[in-house]
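Chain naming here is simple, since letters A, B, ... match the order of the sequence lines and numbering starts at 1 in each.
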Amino acid sequence: MKTSAQKREFSLNVNGVPRNIRAYPAERLLDVLRYLGLTGTKEGCGEGECGACSVLVDGRLVVSCLMPVAQAEGAKLLTIEGVTGNQRFRSLQETFAEGGGAQCGICTPGMILAGGHLLERNPAPTIEEIREALSGNLCRCTGYLQIFEAVAEAARRCAGT
Amino acid sequence: MRSNPAEFEWAAPATLEEAVKVLAGDPDAWLPIAGGTDLMVQFAAGTLERRRFLNIWNLGELRRIDGFPGELQVGAGSTYTDLRENDIITREFPLLGRTASWTGGIANQNRGTLGGNVANASPAADSLPALMVYGADLILTSTRGDRRVRYEDFHTGYKRMNLAPDELIRTICLPRRFSGYISYARKIGTRKAQAIAKVCIAAVGRLAKDSTQLMLEDVRIAVGSVAPVPLRLRNAEQLLNRRPLDEARVELACKAAAAEIQPISDLRSTAKYRAQIVNNLVREFLDTLAARERER
Ligand SMILES: Cc1cc2nc3c(=O)[nH]c(=O)nc-3n(C[C@H](O)[C@H](O)[C@H](O)COP(=O)(O)OP(=O)(O)OC[C@H]3O[C@@H](n4cnc5c(N)ncnc54)[C@H](O)[C@@H]3O)c2cc1C
Ligand code: FES
Ligand code: FES
């Protein structure tokens with residue numbers, strides 16, 4: 001069956017800024033964000049497996065490659081470009097950079113968002129809990145241990161210990 | 001190749017009532033989309049036949065969990081995270097919380113829904129054996145009204161189910177009678193997260209003291225990825241119920257379980273391997289029962 005859709009206006013709140021964009025409803029949130037110039041959100045697999053495209057939608061971690069933009073209408077979105085105002089995320093950025101948690105950097109925005117999503121809910125996670133929280137994020141470079149340690153270290157810094 | 005979003009219509013009803021009306025208008029054309037974690041993968045692969053999305057993500061009537069004295073009613077649009085965060089599920093239906101915790105990573109659990117898992121009807125789906133052992137019912141809804149069906153009879157063949165084209169799954173109902181049970185679930189796959197199960201199992205049961213010995217009671221076992229539909233292991237259960245838990249019984253039941261499934265060989269594993277795994281998992285479940293009893 002041949003069908004066609006019209007582009008429509010969608011209001012999104014991206015990193016605290018209201019944005020009106022024209023898009024096809026089924027367009028991937030990932031593409032819309034990148035068209036907005038927010039290229040910190042990466043495409044790895046394009047099918048939900050790698051986590052490189054992770055963003056927070058109303059505070060919840062989601063993969064933007066599997067989310068039609070129409071489902072994000074009215075939601076508060078947080079991408080890697082918007083995290084700097086938050087202490088937890090800033091600590092994560094520091095500990096990733098200091099501890100070799102980022103090499104090529106493709107997985108890093110997703111890792112930081114997944115890490116921050118965890119610390120928000122569980123400020124003092126065990127390594128096992130960190131592993132679980134990051135299990136949807138793949139990294140081809142680091143071997144993961146530096147990443148888990150960076151999240152653990154950020155948790156300690158936020159707790160002031 | 002990835003689908004072209006310009007070819008996909010989108011309807012965004014504000015209520016469930018509106019949603020079933022839209023669906024009834026052309027049931028074979030609309031494709032309900034909840035969390036999109038199955039559909040958007042097909043969108044990425046360019047394999048979707050239908051070109052009209054009917055958005056049911058976040059519909060209030062579908063995304064709620066209500067505890068009644070006799071049963072828990074889980075809205076079909078509840079996400080895995082919703083399940084993991086619900087106290088009644090954690091306490092009384094631990095198998096659902098456990099299987100939710102290994103249904104992809106956290107991002108997948110924030111979007112994937114229980115209704116989507118049921119309707120996607122993958123034989124390897126992780127929640128479905130749990131729904132079987134808990135004796136769930138489904139409430140299906142359409143402009144013709146609601147009907148309630150037994151989940152155990154819902155899947156009628158590979159990706160075929162007792163769901164009319166104009167119907168949506170509204171609610172998954174769980175009888176609240178399993179609190180004292182010992183439960184067991186396991187997923188065998190290449191890794192814990194993000195891997196499709198080679199075999200998944202969910203089971204519950206009780207041990208009751210007869211005058212002299214311990215007897216098995218109300219043992220319920222279901223497995224996924226070993227037949228075109230998730231399967232309740234009725235023969236194995238029958239060999240166990242109202243019997244003492246001893247080595248001879250265990251042996252019989254494990255053999256029966258392995259004979260009861262219809263595994264295939266595919267890219268994830270061979271039929272022979274799957275049969276052996278089912279045998280081993282049923283044994284591990286029964287060992288768990290025995291060990292828990294000794295602890296008491
Ligand atoms: C990275 C990744 C990992 C995954 N890991 C697992 C895993 O470990 N175990 C597992 O079981 N699954 C897994 N899945 C599959 C998927 O997440 C689940 O099947 C999920 O429950 C689908 O729910 P959804 O809401 O996203 O479905 P959608 O993609 O929105 O829909 C799936 C199907 O169900 C239909 N549907 C949805 N809701 C209803 C309703 N209320 N009434 C009628 N029809 C409906 C849709 O029309 C469609 O046919 C994984 C997926 C991804 C992308
Ligand atoms: S690009 Fe979205 S999960 Fe890989
Ligand atoms: S740093 Fe290269 S993929 Fe993780």
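When each of R28(A), E47(A), Q6(A) is scored by its heavy-atom pairs under 4.5 Å with chain B, the top score falls to R28(A). For the set Q109(B), Q42(B), R84(B), the count of heavy-atom pairs under 4.5 angstrom toward chain A peaks at R84(B).
We find the CD-CG distance between E27(A) and N4(B) to be 9.0 Å, quoted to the nearest 0.5 Å. Atom CD of E132(A) and atom CH2 of W102(B) lie 11.0 Å apart (nearest 0.5 Å).
Nearest heavy-atom pair across R111(B) and V62(A) is CG-CG1, 3.7 Å. The two residues Y24(A) and P5(B) make their nearest non-hydrogen contact at CB-O, 3.9 Å. Taking each heavy atom of G105(B) and S135(A) in turn, the nearest pair found is CA-OG, 3.9 Å.
Proximity to chain B is limited to the side chain of L138(A), based on heavy atoms less than 4.5 angstrom apart. Heavy-atom distances place the side chain of D31(A), and not its backbone, under 4.5 Å from chain B.
Side chain of Q71(A) to backbone of A34(B): a donor-acceptor contact under 3.5 angstrom is found.
Applying side chain to side chain contact (heavy atoms under 4.5 Å, CB included) to I106(B) and the options H117(A), R121(A), R60(A) leaves one that passes, H117(A). Checked against N110(B) for a side chain to side chain contact (heavy atoms under 4.5 Å, CB included), the options L56(A), D58(A), L61(A), V63(A) give a single hit: L61(A).
Side-chain contact check for W10(B) versus R8(A): some heavy-atom pair is nearer than 4.5 Å. Looking at heavy atoms from C-beta onward, V41(B) lies in side-chain contact with L66(A) at the 4.5 angstrom threshold. Taking the side chain as every heavy atom from C-beta outward, M40(B) and P68(A) approach each other to under 4.5 Å.
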